[in-house]
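Since the structure comes first, as structure tokens, the remarks are kept for the end.
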Amino acid sequence: MARGKFITLEGGEGVGKSTNLIFLHDFLKVRNIPVVITREPGGTPLAEKLRALLLDKNGESIAATTELLLMFAARAQHIRHVIEPALAKGEWVLCDRFTDATYAYQGGARHMELSTIAWLEHLVQGSLRPDLTLLLDAPAETGLARARERRGEADRFEAEKRQFFEDVRLAYLKQAEQHPERIKIVAADRPLPDVQAALADSLSALLR
Ligand code: TMP
């Protein structure tokens, strides 16, 4: 049986990941592709517990190294119990964030060494990389305004200062520059139908 495809959706806060994840899911479903939808950090009971620890802004302060290791600990669990088994069964996996988020948030915004992240990526993932990454890109300010409208209380990341999200955005764009064959930048600060037309084009190319 053919191995499934691994697709990740990335972007800063408030770029419309949730809405577009549903769009991507439906796009594949109507084409009779078996698809598993999941997220990071999270996706298994243990990884969801780690997520809750990572997003909690009321606990003890979390060192950047701890944060990085918890992200990869959650990822190791997620790959072992959800992502790899699904791909092996021929299912496509649609994941809300993956390791590009670590390069953007822990690398770009928390200033962890990129070589350390690359080392952990190798340890945890071996050769596993997404087949396609869709990066929803919008100015940090636009995304933050949308995120504020939508949410109640901010989590530990959302409570960061604006510069943090500028750094996240720049690091994402740098990742895209370094992996142009895998990461497609989709401008997210335009009407939803235009964003979704671009997403559909990228998925169609992968289907071919
Ligand atoms: P979410 O808001 O998209 O559900 O993601 C939760 C937060 O976790 C988000 O603010 C980005 C952050 N994050 C990282 O800092 N590093 C990572 O590797 C991942 C997957 C998420």
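Just so you know, these numbers use all the heavy atoms, side chains as well, and skip hydrogens, waters and symmetry mates. Just follow the structure's listing: the first ligand is 1, and inside any ligand the first atom is 1.
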Contact region, Lys17 to ligand 1, non-hydrogen atoms below 4.0 Å, reads side chain
When you measure from the centre of the six-membered ring of Phe27, is the NZ or CZ of Arg31 under 6.0 Å away and within 45° of the axis? yes
Task: Close approach of Arg110 to ligand 1, heavy atoms, under 4.0 angstrom - done: no
Check your understanding: Judging by distance only, is a nitrogen or oxygen of Arg97 under 3.5 angstrom from one on ligand 1?
Key -> yes
Which pairs would a plain distance check flag for residues 37-52, meaning a side-chain donor or acceptor within less than 3.5 Å of a matching protein atom at least two apart in sequence or in another chain?
from: Thr38; atom 1: OG1; to: His78; atom 2: NE2; distance (Å): 2.7
from: Arg39; atom 1: NE; to: Glu48; atom 2: OE2; distance (Å): 3.1
from: Arg39; atom 1: NH2; to: Glu48; atom 2: OE1; distance (Å): 2.7
from: Glu40; atom 1: OE1; to: Arg75; atom 2: NE; distance (Å): 2.6
from: Glu40; atom 1: OE1; to: Arg75; atom 2: NH2; distance (Å): 2.9
from: Glu40; atom 1: OE2; to: His78; atom 2: ND1; distance (Å): 2.8
from: Thr44; atom 1: OG1; to: Leu46; atom 2: N; distance (Å): 3.3
from: Thr44; atom 1: OG1; to: Ala47; atom 2: N; distance (Å): 3.0
from: Glu48; atom 1: OE2; to: Gly43; atom 2: N; distance (Å): 2.8
from: Arg51; atom 1: NH1; to: Pro41; atom 2: O; distance (Å): 3.0

### Task
Side-chain contact test, heavy atoms from C-beta onward, threshold under 4.5 Å: evaluate it for Arg182 versus Gln175 and give yes or no.
yes
If we number the atoms of ligand 1 from 1 as shown, the ones under 4.0 Å from a heavy atom of Thr102 are 17 (C), 18 (O)
In terms of its nearest heavy atom to atom 12 (C) of ligand 1, the top option of Phe157, Phe72, Phe164 is Phe157
Separation between CD (Glu10) and OG1 (Thr99), nearest 0.5 Å, reads 8.0 Å
* Kindly determine whether Leu134 and Ser202 satisfy side-chain contact (heavy atoms from CB on, under 4.5 Å), including the steps that lead there. => CA-CA 8 Å; Leu134 297 159; Ser202 291; 3.6 Å; yes
query = For ligand 1, is there an N or O atom under 3.5 Å from any N or O atom of Glu13?
reply = yes
Short version for Met71: what comes under 4.0 Å of ligand 1, heavy atoms counted, is side chain
Check: Phe6 ring centre within less than 6.0 Å of Phe98 ring centre: yes
**Q.** Glu67 versus Tyr105, side-chain donor and acceptor atoms under 3.5 Å
**A.** no
The option among His78, Glu40, Glu67 carrying the non-hydrogen atom nearest to atom 20 (C) of ligand 1 is Glu40
### Query
Is there a nitrogen or oxygen of Arg51 sitting under 3.5 Å from a nitrogen or oxygen of ligand 1?
yes
Within the 4.5 Å heavy-atom criterion, are Ile33 and Leu207 side-chain neighbours or not? yes
Worksheet item: Is it true that Arg75 lies under 4.0 Å from ligand 1, counting heavy atoms only?
Response: yes
Within the 4.0 Å heavy-atom cut-off, what Pro41 brings close to ligand 1 is both
